[in-house]
Each structure stands twice: as structure tokens, then as C-alpha cells.
4 protein chains.
Amino acid sequence: MVKNPAPDATRRSEKSRRAIYAAALALVGEIGYPRTTVEGIAARAGVGKQTIYRWWPAKADVLLEAFLDLGEQAARAAGQETPALPDTGDLAADLKAVLRATVDEFLDPRFDAPARALAAEGLVNEELGRRYVARLLEPQLQRYVDRLRAAREAGAVRPDVDPRIALELFVSPLAQRWLQHTGPISHDYTDTLVDYALYGLAPR
Amino acid sequence: MVKNPAPDATRRSEKSRRAIYAAALALVGEIGYPRTTVEGIAARAGVGKQTIYRWWPAKADVLLEAFLDLGEQAARAAGQETPALPDTGDLAADLKAVLRATVDEFLDPRFDAPARALAAEGLVNEELGRRYVARLLEPQLQRYVDRLRAAREAGAVRPDVDPRIALELFVSPLAQRWLQHTGPISHDYTDTLVDYALYGLAPR
Amino acid sequence: MVKNPAPDATRRSEKSRRAIYAAALALVGEIGYPRTTVEGIAARAGVGKQTIYRWWPAKADVLLEAFLDLGEQAARAAGQETPALPDTGDLAADLKAVLRATVDEFLDPRFDAPARALAAEGLVNEELGRRYVARLLEPQLQRYVDRLRAAREAGAVRPDVDPRIALELFVSPLAQRWLQHTGPISHDYTDTLVDYALYGLAPR
Amino acid sequence: MVKNPAPDATRRSEKSRRAIYAAALALVGEIGYPRTTVEGIAARAGVGKQTIYRWWPAKADVLLEAFLDLGEQAARAAGQETPALPDTGDLAADLKAVLRATVDEFLDPRFDAPARALAAEGLVNEELGRRYVARLLEPQLQRYVDRLRAAREAGAVRPDVDPRIALELFVSPLAQRWLQHTGPISHDYTDTLVDYALYGLAPR
DNA sequence: CAGTAATCGAGACGGTACGTCATGTCTTAGT
DNA sequence: ACTAAGACATGACGTACCGTCTCGATTACTG
């Protein structure tokens with residue numbers, strides 16, 4: 001069971017690649033992920049099916065790369081790399097600000113549809129899930145790790161706290177409410193999460 | 001656009017229903033959800049396809065009911081209803097104990113495969129997602145709400161804390177690690193979550 | 001492999017039988033034989049499917065009996081048994097008259113649809129075909145045999161002619177044109193057939 | 001109500017087409033037409049169902065083309081086109097010879113099964129019936145028309161006789177006996193038909 | 001004249017085949 | 001060589017009917 005001879009990437013059609021990304025994102029947005037088909041993407045992109053199968057192993061991979069590309073384009077347009085979290089010295093305020101922005105993103109259908117589709121696929125397809133986490137999720141989480149580490153050094157967080165776990169106290173609840181519709185998401189809600197997480201549930 | 005004439009539920013074959021549940025759970029466990037087909041379930045259950053389509057609108061609904069039935073059977077076997085969380089007076093210890101049990105459940109493939117499959121389907125199929133949350137998730141979460149409310153009355157939790165949000169501080173991180181493989185899950189991990197949530201990240 | 005205990009014909013519901021005949025003939029006329037289903041007949045007749053399967057082995061048998069019943073009813077209405085062919089002493093005229101009536105029957109859709117359907121089924125289902133021929137076709141043909149035999153005795157037909165074969169010279173062409181649409185059917189056409197058959201193609 | 005985009009016939013797989021013909025004829029011969037299914041043909045031919053549905057609208061059309069192809073192959077093997085009837089100058093002898101050959105064909109199950117199935121389908125499906133007649137039946141009948149016309153010019157047939165009708169006197173009876181099992185078919189029988197038709201039933 | 005047994009309307013059941021859709025591979029022209 | 005186009009084998013979809021079976025509810029003989 002050998003792979004086909006690897007195609008020659010240098011001769012790849014850039015135009016087709018971009019058309020495929022655009023078609024994939026458009027279709028997922030319009031008709032939803034499950035009804036989006038490779039054939040549909042190919043037709044919409046004006047591309048042969050083989051051109052998709054040559055470069056991606058599966059529908060989910062097309063969408064993952066399309067979505068990553070979208071992010072990179074946005075980043076390039078904004079002119080910077082993966083931005084660090086702000087550090088004004090006020091940890092609570094900084095976290096609240098970033099989470100409010102995340103809430104806004106989650107409420108934007110252009111982000112919601114493909115991100116949700118990829119997350120769903122990732123639950124059940126472990127290989128894709130790992131790539132989703134590594135390429136999309138972890139880079140974001142790392143920013144919290146950095147900010148929390150800085151806060152720990154500044155004495156705003158207890159020295160024995162593991163930042164990678166700590167961040168989940170406010171990030172995971174928001175993620176779960178978003179993905180599973182277990183509750184409404186709002187700026188108030190994330191503010192509350194940050195307060196609870198920083199100061200604890202027990203009386204001080 | 002009317003529904004088909006509703007079938008007569010009183011004449012429904014109990015034997016077929018149980019065989020379908022068993023087949024659905026077995027197949028999801030063995031070959032995974034996406035490769036589980038309605039035809040496969042019917043064949044395995046020794047049942048006509050129409051008998052599945054007569055009673056369920058889609059594959060995901062079969063699995064949801066099968067999974068719910070599994071839970072009810074287990075509950076009946078254990079002899080009681082949805083059990084309340086223990087209340088020994090020590091909130092931290094009680095939460096840790098329950099979360100440890102949840103970790104064990106998540107690590108059991110008999111639970112993991114169908115629960116994960118349903119969660120994935122629920123992300124993308126909002127109607128199913130709402131049923132999943134309402135029938136499976138919320139009843140569990142309500143137990144935490146009750147325990148936290150009791151703790152608040154006992155003075156172990158600050159009076160202004162909303163229990164429905166508070167529980168997410170430790171439940172959602174575990175859920176996310178489980179579903180998205182964003183980190184290992186273990187008894188130590190959930191113990192840590194409880195400690196962080198109760199006492200906060202900031203120095204006391 | 002035994003038959004089910006034969007049902008008790010004395011308790012059979014006459015009303016259902018008639019309703020089934022009517023429904024079968026109506027459906028074959030309206031939507032054609034292949035799209036007529038046992039379920040459809042049962043529904044239209046307001047009858048359970050089992051009531052059909054109890055009394056007839058297959059769809060074609062229902063239709064055959066319905067069609068026979070139709071003929072008998074018509075005969076009863078007309079007040080007589082299977083009528084002999086007229087014998088005015090003029091063989092050619094008698095044959096032409098009867099064939100003209102047959103042409104009219106063939107052109108009546110109420111006759112055409114079920115008769116054609118039964119014929120088609122009979123081609124491929126030999127058992128049914130034999131019954132079709134024995135119950136419907138042969139009784140008609142026998143009338144020609146009788147008339148030709150009388151003509152032979154009267155000297156209007158050569159003494160060595162086999163009437164059973166002779167009748168086919170004008171009956172079969174008409175039947176084929178009707179069933180297979182191999183040509184138009186009309187009074188002129190059947191008149192011509194009789195002339196050709198009686199006086200031959202070769203110059204006299 | 002438009003047709004699907006017509007498939008590109010130049011890229012059609014010749015191998016599949018031949019395999020489908022062979023499978024269709026074999027199955028009709030072995031298990032009969034009604035029990036022959038599109039799925040069965042596809043499986044036997046080692047072909048996807050869609051490949052059948054792409055090129056033919058229905059089972060009957062597959063069989064019709066398979067049967068036509070069979071005839072063409074046989075004709076090609078025999079090296080000639082549709083052969084004219086022999087003309088030895090003796091009309092009766094010529095007709096008897098050809099009809100004897102037809103009898104033999106009708107008695108060969110390899111011919112009988114598909115031809116009968118097509119005829120049956122054609123009775124009830126008028127569109128197919130017309131194609132059956134035009135492609136299979138009429139070319140054969142035309143040979144009789146030609147021979148009878150020649151005979152008419154030679155004075156062996158009365159000048160006012162319409163050959164297209166005249167041929168039915170001996171062809172239709174044979175066809176009806178074959179298709180509807182209304183009587184045995186044999187060389188004697190067809191010889192008799194020719195004699196009756198040429199010299200008439202009435203005394204000369 | 002009640003008891004009881006078979007037929008009835010209804011329709012769920014295990015199946016088979018339908019005709020459609022999408023998959024991923026392969027072939028053909030065109031650039 | 002890579003592309004757009006699309007035919008191909010495969011296999012699942014959801015539907016339609018098949019013929020059998022199981023339900024009460026009539027219905028009509030029998031004891």
C-alpha cells in the first residue's frame with residue numbers, strides 16, 4: 001500500500017488552490033458542513049475533482065487548510081504575526097478584554113460555521129482533531145499561558161499554579177457554551193468567568 | 001409538507017427496538033460512528049431498514065436514544081433515579097470524588113465512542129445538539145448546581161456566586177480535554193481543577 | 001411446504017370481493033398495470049392487504065378474476081350466456097360483423113387496459129398465461145370454430161380445412177395489431193382480412 | 001423537466017457495455033425477466049449500477065439493446081446485412097422454408113426468453129413497444145413484403161392484394177401461438193398456414 | 001342466544017430492489 | 001506535467017412494495 005508518487009508541488013496551480021479554499025468556505029457557510037461535498041467544492045471552484053484529491057486527503061483537510069489560510073490572510077491584512085495578549089499590568093482586565101473579543105468572534109457566522117464544522121470532525125477523527133488543536137487551538141492558548149506566566153512572576157497569580165491548567169478555568173467554559181449551546185455567551189458571562197477563576201468560589 | 005402518518009406506537013416491536021439499540025451501540029464502538037450505517041445497524045439487528053426509518057428520523061437519533069436507554073438501564077440496575085451528588089460537608093472532597101468517577105467513565109471506550117459521536121453530531125446539527133444537552137448533559141450538571149447551592153447556604157461558597165456558571169470552572173475544562181484531546185485527563189488533573197476553582201488563581 | 005389451511009369460502013365477504021375487483025380495474029385503467037400494487041388495491045378498496053393475499057396468490061390473479069367478473073356481469077346484463085356467432089348463411093358477412101365488434105372493443109380503453117395488462121403478464125408467467133387463454137381467449141375462439149364447422153358442412157369452406165387453424169388467419173392478425181401496435185385496426189382492415197382468408201392470396 | 005446533462009458517449013466504456021449486454025441476456029435466460037434486476041445485471045457484469053442508469057432509462061431498454069446487439073453480432077458473423085427472403089419462383093415453398101426457420105428460432109430458449117420478455121414489456125409500455133416493433137419486428141416483416149410484392153408482379157398473388165396485410169395471414173398466427181401458447185407450433189403448422197393463406201378457406 | 005372461531009381492516013414487520021448521490025480512482029483532452 | 005472534465009466501481013441513502021404476521025373488532029355459525 002504505497003502512496004501515489006508525490007505530486008510536484010512547484011507546478012501546483014495557485015489559482016486553483018485559492019478557488020478551492022473560497023469554494024469550501026462558502027459552501028460550509030451556505031449549506032453546512034455535512035452537505036458540503038468534494039464534488040460541490042470542485043464544481044463551485046471550477047476545478048476537477050482530481051485536483052482536490054491530489055493535494056488533500058479528505059474534505060476535512062481542505063476545510064482545515066482553508067480556514068487556516070483565512071486566519072493567515074486576516075493576520076497579514078492586520079499586519080502582524082500571532083499577537084501576544086496585552087499586558088497592562090491588570091490581569092483581570094486584560095483577560096476580560098481578550099475574552100470579549102473571542103465572544104464576538106464566536107458570534108460571527110463567518111467564523112462559527114467552519115470552526116464548528118472542523119471541531120465536530122475533530123471529535124470523531126482523532127488525527128484531524130490533533131491537527132486542529134495543534135494548528136488552531138494551541139497557538140491561541142499559548143498566549144494565555146504566556147500572560148499567566150508573566151502574571152505569576154508579577155505576583156498576581158499564586159506561584160504553584162500551572163498556567164496551562166489555569167487558563168482552562170475561563171477558556172473551556174466559554175468554548176463549551178459556544179460549541180454545545182449549553183448556555184448563552186456574552187461579555188458579562190466571560191467577565192464573570194474571569195472573576196470566579198481569579199478569586200475562587202470559596203469565601204476569601 | 002406534512003409528516004408521514006404517524007406510526008402506531010402501541011404496536012411497536014419491543015424486541016426490534018432493543019436489537020436496534022444494541023446493534024447501534026456495538027457498531028459505533030467497533031467501527032466508529034461515521035462508518036456506522038443505517039443499513040449496517042439494520043443488518044446487525046436482524047431488522048428491516050424501514051423499521052429504523054419508521055421510528056427515527058436519522059442515524060444520530062437512533063444512537064441518542066440507544067445511549068439514553070443504556071443510561072436508564074444502568075440506573076434501573078443500580079436501583080435508583082438520577083442520584084444526587086454526595087454531601088459530606090466537605091465540598092472540595094465531594095467534587096473531587098465525582099469528577100474522578102467522571103474521568104473513569106470518559107476513559108471507558110464503551111462510553112467514550114457513542115458519547116463522543118453524539119457530541120460531534122450535536123455540534124453541527126443544532127436540533128440534535130439541543131436534545132443531547134437537555135437529555136444527557138443538563139441532568140448531570142443539575143447535580144452540581146444543587147450541591148453548589150447547598151454549599152453556598154452552608155457558607156462554603158460565596159453568596160454572590162451563580163452555581164450554574166461556577167460548575168463550569170471544573171466541568172468544562174474536563175469536558176474539553178476529553179472531547180478535543182487538548183490534554184491528558186486524570187484524577188490529579190480534576191483534583192487540581194477543583195482546587196483552582198474553589199480558591200482562585202490569585203494569591204489569597 | 002404446505003399451504004395455509006384453506007380459508008372458509010362460505011364466510012367470505014362479498015362486499016370486499018367486489019370492492020377489490022372495482023379497485024383493481026380502476027387502478028389499472030388509471031395508472032397502468034405495472035404501477036398498480038397490491039397495497040394500492042387494498043387501500044382503494046378499503047380492505048386489509050391480507051384479505052387480498054388470503055384469496056388470490058398474486059396481483060395478476062386478482063386482475064384476471066376482476067376482468068372475468070366484468071365480462072360475466074356484462075353478459076348477465078345483456079341477459080344471455082356466451083353467445084354463438086350469428087349464422088345468416090353468409091360466412092363472410094358474419095365474420096366481418098363479429099370482427100367489427102371486436103375492433104370496437106379493442107378501441108375501448110375500459111377493455112384495453114386490463115386485457116392488455118393480463119396478456120402481457122401471461123406472456124411471461126406461463127401459468128397465468130394458460131389460464132388467461134383458457135378462461136378468456138379460447139371461449140371466444142370456440143365460437144369461430146363452431147361457425148366455421150357449420151360453414152364447412154354447408155360447403156362454404158373446403159372440407160379439409162381445420163377450423164381451429166383457419167380462424168387464426170383473421171383473428172391473429174387483428175390480435176397482433178392490437179397488442180403490439182404493428183398497424184392500425186379498423187373495420188376496413190378486418191373486412192380485408194376476411195376476404196383474404198376466405199379467397200386466398202393467389203389468383204383463383 | 002430537463003434531462004440530466006447527457007453523458008459523453010465518446011468516453012463510454014465499451015467493455016462495460018458488452019458485459020452488461022451479456023449479463024442481461026444471461027439473467028433473463030436463467031431466472032426470467034421479472035426476477036432479473038438492474039442490481040443483478042450490474043453485479044453479474046461487474047459494473048456499478050450507475051453505469052447502467054447513466055446509459056439506459058430502464059431495465060427493458062437494456063434488454064432491448066442487448067437483444068438487438070445479439071442480432072447484429074449474429075448478422076456480422078454471418079457476413080451480411082438483413083437478408084432478403086429467398087426467391088426460387090415458388091412462393092409457397094419459399095414462405096414455408098422461412099417460417100420453418102422461424103419456428104426453430106421460437107423453440108430455442110436463448111431466443112425465446114429475451115424476445116418474449118421484450119414483447120411482454122412492450123405490450124404495456126407503449127414507447128418501448130414501438131421501438132421493439134420498429135427495430136426488431138418490422139425489419140423482418142419487410143422481407144415478406146418484398147417477397148410478396150415480387151410474387152404479385154410475377155402473377156402468383158392477386159394484383160389487388162396489400163402485401164403488408166397479406167403477410168399477417170401466416171405470420172400473426174405463428175406469433176400468437178408462440179407468445180400466448182394458444183397452440184403448438186411446428187413445421188406442419190406453418191406449412192398449413194401458408195396453404196390456407198395462399199389458396200383460401202373457401203372452395204376454389 | 002350466548003360462545004367461539006374465522007374473517008375483516010389496519011398496519012408493523014423482515015426483506016429486496018429501486019433510482020440517486022457521493023466517494024475516491026482512472027482516463028482523456030487541452031494547455 | 002498538471003489541469004478540467006467526467007466515466008467508472010463501490011456502497012449507502014431513503015422509499016416503495018412485497019408477502020407474512022399480529023392485533024382488536026365484527027360477524028356469523030354452533031352448541
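Computed over heavy atoms, backbone and side chain alike; hydrogens, waters and symmetry mates excluded. To find a chain, count down the sequence lines: A is the first, B the second, and so on, and within it residues start at 1.
The residue among D/Tyr53 and A/Val38 whose nearest nucleotide of DNA chain E is located toward the 5' end is D/Tyr53. Across the interface with DNA chain F, nearest-nucleotide mapping of D/Ala45 and C/Thr10 shows D/Ala45 to be the residue nearer the 5′ end. DNA chain E is contacted by both D/Thr36 and A/Lys59; D/Thr36 maps to the nucleotide lying nearer its 5′ end (nearest heavy atom per residue).
Here the side chain of B/Arg110 pairs no donor or acceptor atom with the backbone of B/Gly29 at under 3.5 angstrom. Side-chain atoms of C/Arg44 never come within 3.5 Å of backbone atoms of C/Ala24 as a donor-acceptor pair (strictly under, hydrogens ignored).
Using a 4.5 Å heavy-atom threshold, the side chains of A/Leu179 and B/Gln180 count as touching. C/Thr51 has its side chain within reach of C/Arg54: a pair of non-hydrogen atoms, C-beta onward, lies under 4.5 Å apart. Residues C/Arg17 and C/Ile20 form no side-chain contact, since every pair of their non-hydrogen atoms from C-beta on lies 4.5 Å or further apart.
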Strictly under 3.5 Å: I want the nitrogen or oxygen pairs between protein and nucleotides 2-8 of chain E, one per line.
unit_1: E/dA6; atom_1: O4'; unit_2: C/Arg11; atom_2: NH1; d: 3.1
unit_1: E/dA6; atom_1: N3; unit_2: C/Arg11; atom_2: NH2; d: 3.4
unit_1: E/dT7; atom_1: OP1; unit_2: C/Asp8; atom_2: N; d: 2.4
unit_1: E/dC8; atom_1: OP1; unit_2: C/Ser13; atom_2: N; d: 3.0
unit_1: E/dC8; atom_1: OP2; unit_2: C/Arg54; atom_2: NE; d: 3.0
unit_1: E/dC8; atom_1: OP2; unit_2: C/Arg54; atom_2: NH2; d: 3.3
unit_1: E/dC8; atom_1: OP2; unit_2: C/Trp55; atom_2: NE1; d: 3.0

Practice item. Might you work through the side chain to side chain contact (heavy atoms under 4.5 Å, CB included) test for A/Tyr33 and A/Lys59, ending with a clear yes or no? Key: CA-CA 10 Å; A/Tyr33 178 75; A/Lys59 175 173 69 157; 3.6 Å; yes
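One interatomic measurement links the two molecules: CD1 of B/Ile52 to C1' of E/dA12, which rounds to 14 Å at whole-angstrom precision. Put simply, CD on D/Glu39 is 13 Å from C1' on E/dG15, counting in whole angstrom units. Distance D/Lys15 NZ to F/dA9 C1': 11 Å, rounded to the nearest Å. The CD1-C1' distance, from B/Ile41 to E/dG14, rounds to 16 Å in whole Å. Between C/Arg35 atom CZ and F/dT15 atom P there is a gap of 19 Å when expressed in whole angstrom units. The distance between atom CD1 of A/Ile20 and atom C1' of F/dA4, rounded to the nearest whole Å, is 11 Å. A/Arg44 has its CZ atom 15 Å from the P atom of F/dA5, to the nearest Å. Protein atom CH2 of D/Trp56 is 14 Å distant from nucleotide atom P of F/dA7, rounded to whole Å.
Below the 3.5 angstrom threshold, one finds no donor paired with an acceptor across the side chain of A/Lys49 and the base of F/dG6.
Considering OG1 of B/Thr37 and CD1 of B/Ile31, their distance stands at 6.5 Å, rounded to 0.5 Å.
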